[in-house]
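Single-structure report; data block below.
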Amino acid sequence: ILAADQLLYDGANQCLIWKAFARRGFGLSASQGSAFDRFDQVEAFDLPVICQTPVTAPSADLSVNLLENCAGEFSFSDLSTDVPQQWLWDFGDGTTSELQNPTHVYALEGTYTVVLTVSNPFGSSSDSLVVTIDQPDAPVADNLSLCEGEAGMVVATSAGQVNWYLDGQLVESGDTLLTGALPVGQYTYSMQTEVVNPTQEVGPTDNAFGTGGYHNTGATGTIDFTSHLPLVIESVWVDAANAGDRLIQLLNASGNVVDSVTVFIEQGQSTVTLNMKVPIPGNYSLAGTSVNLYRNNSGASFPYDLDGILTMTGTSAGTDYYYYFYDWKVREQSCFSPLSEVSVTTFALPVAIAGPELPCAAQSLTFHETGGAGTSWSWSGPGAFSSADQSPTVAPAVAGTYTVTVTNASGCTSTDSLHVRPLPAVNAINGGPYCAGDIGRLYETGGGGVEWQWQFPSGFTSWIKSPSISPVTSGEYIVVVTGSN
């Protein structure tokens with residue numbers, strides 16, 4: 001009705017409406033209570049201040065749900081008297097609000113003085129309080145450089161658990177990040193310290209009190225509670241009539257779903273993990289509908305209190321009953337630091353190319369590396385050969401494997417090798433002695449050849465391993481032997 005009046009008549013009749021309902025107990029402070037509790041309604045006969053007539057200047061007073069937290073979110077309440085009709089909140093960070101009971105989130109940690117100024121036609125007054133946002137320090141880690149194909153490890157220093165994020169996605173939790181082998185490029189990881197608060201217990205440990213039984217009537221059963229801090233309900237103890245999935249819901253005071261989880265519960269007694277988040281202080285209910293879990297219909301002893309954290313106040317059927325969820329494990333929500341960053345860079349490997357191709361052993365041989373990306377070189381080979389030149393000369397170049405390691409400007413290395421092939425064994429023999437004019441024969445007996453080339457003094461060339469000479473001519477006969485390599 002009030003919303004319709006505001007929409008159609010700009011609120012011209014709101015005080016007439018309020019007075020009509022306040023006379024019947026539906027005043028400003030009235031509350032229907034939990035949507036699942038028949039016994040927690042509160043009647044009230046008061047009017048909003050806009051419908052009251054001031055006779056003097058207001059007296060400012062204010063409160064806040066918490067004086068210190070790590071999340072930076074605070075709920076402020078106006079407690080001023082003498083009919084304030086305008087409100088101006090100065091949150092101390094350059095922002096303000098004209099709401100009567102605002103919520104404010106601070107972007108940065110620190111200590112802030114919050115000032116409330118209230119006014120009406122007779123004057124104004126102010127009051128203040130101080131709130132503090134104290135966050136954990138962000139993690140610290142050194143940037144990491146890797147070469148292509150390497151897996152890396154980054155170790156962070158932190159006062160709590162470190163959560164690692166890449167592109168906004170959680171990829172690791174713990175002090176150490178293992179990167180695996182990353183493609184060439186630069187990767188920026190975000191780090192955040194999470195200080196996990198200790199787990200505490202509240203509520204009866206099990207259902208061994210009073211009377212009761214399994215409840216599966218289609219009705220919603222709740223445990224109603226007041227949270228004094230943002231919380232995590234980690235787990236509860238249950239007793240199930242049968243195995244199966246159950247939907248468990250966290251409801252606010254208006255019956256709206258704040259969080260929910262579907263869990264598989266074994267038949268019988270067990271502890272089930274919920275990890276449901278209670279976002280802000282207030283009144284809530286933990287609820288289940290047709291869950292076929294044990295409930296007590298007598299013997300409960302409300303309130304069950306965890307001092308300063310949570311108070312169980314009753315159930316959807318009053319304070320004699322106890323529904324479903326026993327032995328709560330709860331903790332204050334974790335505190336998180338601002339994000340910090342660490343960079344992981346993967347550099348490309350240089351290309352190493354060793355030459356020449358297919359060299360044979362020789363009295364002197366010049367090697368070269370032609371990949372083009374190197375800034376330093378390291379050659380090694382047979383006979384303790386070593387060199388830091390890009391193109392060293394080896395004398396003699398004996399048979400074996402020669403390896404060059406190339407380092408580029410990023411400090412990454414690659415290797416390549418060449419194999420200097422051994423010369424075939426060669427042994428030239430004449431079949432003589434011969435005299436000039438004789439018919440003779442030459443022999444090559446090294447045993448390593450597959451091709452032969454003889455040069456005679458006369459200029460004649462033969463490709464036979466053991467050629468005939470006719471006639472024999474005095475002079476030097478030379479054979480070139482080619483091996484199988």
Side-chain angles (χ1 to χ4, degrees), residues 29 31 49 58-82 84 86-119 124-138 158-161 192-202 224-234 250 252-253 258-259 276-284 303-313 328 330-339:
S29 304
S31 172
V49 292
S59 178
D61 191 13
L62 71 161
S63 69
V64 65
N65 61 324
L66 299 167
L67 289 174
E68 180 176 338
N69 71 29
C70 59
E73 182 173 350
F74 297 87
S75 296
F76 297 96
S77 298
D78 168 44
L79 304 179
S80 304
T81 58
D82 296 323
Q86 290 86 36
W87 300 265
L88 178 62
W89 296 83
D90 184 340
F91 298 117
D93 63 349
T95 63
T96 61
S97 174
E98 295 181 357
L99 297 175
Q100 184 177 4
N101 299 300
T103 296
H104 184 63
V105 178
Y106 289 90
L108 301 174
E109 67 175 340
T111 298
Y112 299 89
T113 298
V114 180
V115 179
L116 169 63
T117 300
V118 293
S119 60
S124 65
S125 69
S126 298
D127 195 11
S128 65
L129 53 76
V130 175
V131 296
T132 300
I133 302 95
D134 185 14
Q135 297 174 319
D137 292 334
S158 170
Q161 173 180 291
Q192 189 173 49
T193 297
E194 179 181 1
V195 177
V196 181
N197 290 301
T199 298
Q200 302 184 65
E201 300 179 7
V202 64
D224 303 328
F225 66 96
T226 298
S227 174
H228 308 297
L229 297 168
L231 297 175
V232 176
I233 303 174
E234 293 185 340
L250 176 66
N252 62 18
V258 176
D259 198 358
M276 304 178 83
K277 291 185 177 181
V278 180
I280 59 174
N283 295 320
Y284 297 88
Y304 298 94
D305 186 59
L306 186 57
D307 188 37
I309 296 178
L310 180 148
T311 303
M312 295 179 178
T313 56
W328 291 24
V330 302
R331 61 176 173 85
E332 294 181 50
Q333 287 191 20
S334 299
C335 286
F336 294 91
S337 74
L339 291 172

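- Rounded to the nearest 0.5 angstrom, Tyr106 OH and Thr95 OG1 are separated by 6.5 Å.
- Test Ser119, Pro58, Pro84 against Ser124 for side-chain contact (heavy atoms from CB on, under 4.5 Å) and you get one pass: Ser119.
- Panel note: side chain Thr313, backbone Asp224; a donor-acceptor pair is recorded below 3.5 Å.
- The structure places CD of Gln161 at 8.5 Å from CZ of Phe336, a figure rounded to the nearest 0.5 Å.
- No side-chain heavy atom of Val131 sits under 4.5 Å from any side-chain heavy atom of His104.
- Closest approach of Ser97 and Pro102 over heavy atoms only: OG-CB, 3.6 Å.
- Between Trp328 and Phe225, the distance separating the two ring centers is shorter than 6.0 angstrom.
- When all heavy atoms of Val105 and Glu73 are compared, the closest pair comes out as CG2-CG, 3.8 Å.
- Counting heavy atoms from C-beta outward, Ser125 and Val118 have side chains that approach closer than 4.5 Å.
- Residues Val64 and Leu129 meet the side-chain proximity criterion, which asks for heavy atoms closer than 4.5 Å.
- Contact check for Leu66 versus Leu229: side-chain heavy atoms found under the 4.5 Å cut-off.
- Side-chain contact between Met312 and Leu310 is present, with at least one heavy-atom pair separated by less than 4.5 Å.
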(Q) Is there a side-chain contact (heavy atoms from CB on, under 4.5 Å) between Val258 and Val278? Walk through the geometry before answering. (A) CA-CA 8 Å; Val258 176; Val278 180; over 6 Å; no

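- The distance from atom OG1 of Thr117 to atom CG of Leu62, rounded to the nearest 0.5 Å, is 10.0 Å.
- The heavy-atom pair separating Leu108 from Ile133 by the smallest distance is O-CD1, 4.2 Å.
- In summary, the side chains of Thr311 and Asp305 do present a donor paired with an acceptor at a separation below 3.5 Å, with no hydrogens or angles considered.
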Q | From CA spacing to verdict: side-chain contact (heavy atoms from CB on, under 4.5 Å), Val130, Thr111 | A | CA-CA 7 Å; Val130 175; Thr111 298; 3.2 Å; yes

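- One side chain, Asp78 or Ser80, offers a donor N or O that lies under 3.5 Å from an acceptor on the other.
- Between Phe91 and Trp89, the two ring planes are parallel [angle under 30°; tilted spans 30° to 60°].
- A donor-acceptor pair under 3.5 Å is formed between the side chain of Asp259 and the backbone N or O of Lys277.
- Atoms OG and CD, from Ser337 and Gln135 in turn, are 7.5 Å apart once rounded to the nearest 0.5 Å.
- Under a 3.5 Å cut-off, the side chain of Thr193 and the backbone N or O of Asp137 do form a donor-acceptor pair.
- Of all the heavy atoms in Pro136 and Pro338, the pair that sits closest is O-CD, 3.6 Å.
- The residue from Val114, Leu116, Asn65 that alone fulfils the side-chain contact (heavy atoms from CB on, under 4.5 Å) condition with Phe76 is Val114.
- Leu99 has its side chain out of reach of Trp87: every pair of non-hydrogen atoms, C-beta onward, lies at least 4.5 Å apart.
- Side-chain atoms of His228 and Pro281, non-hydrogen and from C-beta on, never get closer than 4.5 Å to each other.
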Q: Please test Asn197 against Gln333 for side-chain contact (heavy atoms from CB on, under 4.5 Å), starting from the C-alpha separation and ending with a verdict.
A: CA-CA 7 Å; Asn197 290 301; Gln333 287 191 20; 5.9 Å; no

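- The structure places CG of Leu79 at 4.0 Å from OG of Ser63, a figure rounded to the nearest 0.5 Å.
- Counting heavy atoms from C-beta on, the side chains of Arg331 and Ser334 come closer than 4.5 Å.
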